[in-house]
**Q** 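First the structure, then my questions, so here it is.
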Amino acid sequence: MKTAVIYSRTSSSGYQQNRQDTSRQVEDLQAYAKLSQLEIVKVYEEHISGVKKNSEREVLSECLSFAEKEGINCILCSEGSRLGRSTWEVLETIKRCIDKHINVYLQKENIHVLREDGSVDPFMAVYISCLSMANEFERENIKYRLNSGRAQYIRNGGKLGRKPGSVKTREQKEKQYRDVLLYLKKDYSIRVTAKLTNVSVATVQRLKNEFSIY
């Protein structure tokens, strides 16, 4: 039986909801693996903004390194946009897998990067590029609509930013995130600390930087 790993990703905002969203991705991919007679060796779940560079995606890096080291046959992912914030990053990730003879399955697009005989489909790079570019255009359209809405809100007398007094002091943060800071000082990784304390990875990263824990 061929082996596979699952990589899933959701945005870092709203941690509890993202855990549920990630779970749906994982469950769908597990169902596909069962039908395809693939043995799931490991599941990777990442909670990080889609605008972050791949170099900042710790879990994705772990997933790729593990697949290479263990000779995994296939990486299962819900859609191509999970593998990078831009067309070039998606293609770089897929190229890295191809070089190591690791197939990539994208469930939304219902495509495999490699054929059954292990050869590369020459049209796949073009197809994936087009899909990635479409995702980029959609993100830009969303950004444009949001910025336009903010500008109109301000013109109508609205004010942006947090309400006065809503920003926590350093002392308040130390008290609220005591366990997070404790784990970080004990040299636990950001991802492990987030899981142990049920705090988003983004928040743990911010606290690590703010309190200069290295």
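Numbers here are sequence positions counted from 1.
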**Q** Report yes if the side chains of Leu38 and Tyr105 come closer than 4.5 Å at any heavy-atom pair, otherwise no.
**A** no
**Q** Same cluster or not: are Val201 and Leu182 linked, directly or through other Ile, Leu, Val, Met, Phe, Trp or Tyr residues, by side-chain heavy atoms under 4.5 angstrom apart?
**A** no
**Q** Are Leu181 and Glu174 close enough that some pair of their side-chain heavy atoms sits under 4.5 Å apart?
**A** yes
**Q** With sequence neighbours left out, what residues match Ser55 under side-chain contact (heavy atoms from CB on, under 4.5 Å)?
**A** Lys53
**Q** At their closest point, which heavy atom of Ile40 faces which heavy atom of Ala33, and how far apart are they?
**A** CD1-CB, 3.5 Å
**Q** Arg82 side chain to Cys77 main-chain N or O, any donor-acceptor pair under 3.5 Å?
**A** no
**Q** Please give me the minimum heavy-atom distance between Leu106 and Glu109, naming the atom from each residue.
**A** CB-OE1, 3.2 Å
**Q** Are side-chain N/O atoms of Asp179 and Thr197 paired as donor and acceptor at under 3.5 Å?
**A** no
**Q** If I take atom CG from residue Asn54 and atom CG from residue Leu60, how far apart are they, to the nearest 0.5 angstrom?
**A** 5.5 Å
**Q** Around atom NE2 of His101, are there more than 12 heavy atoms from other residues, nucleotides or ligands closer than 6.0 Å?
**A** no
**Q** Any chance you could measure Lys100, atom NZ, to Ser65, atom OG, to the nearest 0.5 Å?
**A** 10.0 Å
**Q** Could you give the distance from OH (Tyr32) to CG (Leu76), rounded to the nearest 0.5 Å?
**A** 7.0 Å
**Q** Linking I/L/V/M/F/W/Y whenever any side-chain heavy atoms sit under 4.5 Å apart, do Tyr188 and Val180 land together?
**A** no
**Q** Please tell me whether Leu207 and Val192 are part of a single hydrophobic cluster in this structure, the criterion being side-chain heavy atoms less than 4.5 Å apart.
**A** no
**Q** Can you tell me how far CD1 of Ile102 sits from CG of Asn73, rounded to the nearest 0.5 angstrom?
**A** 9.0 Å
**Q** In this structure, which one of Lys34, Lys2, Met1 forms a side-chain contact (heavy atoms from CB on, under 4.5 Å) with Glu39?
**A** Met1
**Q** What's the shortest heavy-atom distance between Ser200 and Ala194, and which atoms?
**A** C-CB, 4.2 Å
**Q** Can you tell whether the side chains of Lys173 and Glu210 come within less than 4.0 Å, N to carboxylate O?
**A** yes
**Q** Is Arg96 paired with Glu68 through a side-chain N to carboxylate O contact shorter than 4.0 Å?
**A** yes
**Q** To the nearest 0.5 Å, how far apart are NZ in Lys108 and CG in Asn110?
**A** 13.0 Å
**Q** Would you say CZ of Arg178 has more than 12 non-hydrogen atoms from neighbouring residues, nucleotides or ligands within 6.0 angstrom?
**A** no
**Q** With a 3.5 Å cut-off and no angle check, do the side chains of Glu46 and Tyr7 form a donor-acceptor pair?
**A** yes
**Q** Distance check, rounded to the nearest 0.5 Å: Ile48 atom CD1 versus Glu58 atom CD?
**A** 8.5 Å
**Q** Of all the heavy-atom pairs spanning Val5 and Cys63, show the shortest one and how long it is.
**A** CG2-SG, 3.9 Å
**Q** Under the 3.5 angstrom rule, does the side chain of Thr93 hit a backbone N or O of Glu89 as a donor-acceptor pair?
**A** yes
**Q** Would Val43 and Leu196 show up in the same hydrophobic cluster when neighbours are defined by side-chain heavy atoms closer than 4.5 Å?
**A** no
**Q** Does this structure show an ion pair linking Glu62 with Arg191, if we count only N-O contacts that are shorter than 4.0 Å?
**A** yes
**Q** Hey, does Cys97 have a side-chain heavy atom less than 4.5 Å from the side chain of Leu64?
**A** yes
**Q** Is there a path from Ile190 to Tyr183 through hydrophobic residues (I, L, V, M, F, W, Y) whose side chains come within less than 4.5 Å of each other?
**A** no
**Q** Decide yes or no on side-chain contact (heavy atoms from CB on, under 4.5 Å) for Thr169 and Gln172, but give the supporting numbers first.
**A** CA-CA 5 Å; Thr169 65; Gln172 289 174 324; 3.2 Å; yes
**Q** Please report the closest heavy-atom contact between Thr3 and Gly71, naming both atoms and the distance.
**A** OG1-O, 4.1 Å
**Q** Before you tell me yes or no, could you show the steps for Val41 and Ile72 under side-chain contact (heavy atoms from CB on, under 4.5 Å), namely the whole-Å CA-CA distance, both residues' side-chain angles and the distance that decides it to 0.1 Å?
**A** CA-CA 8 Å; Val41 177; Ile72 299 299; 4.0 Å; yes
**Q** Not counting sequence neighbours, which residues clear side-chain contact (heavy atoms from CB on, under 4.5 Å) with Ser8? List them please.
**A** Thr22, Gln25, Val26, Glu45
**Q** Do the charged groups of Arg24 and Asp28 touch, with an N to O distance under 4.0 Å?
**A** no
**Q** Check whether any side-chain heavy atom of Phe211 lies under 4.5 Å from a side-chain heavy atom of Lys185, and answer yes or no.
**A** no
**Q** Return yes if some donor-acceptor pair links the side-chain N/O of Glu79 with the main-chain N/O of Gln107 below 3.5 Å, else return no.
**A** no
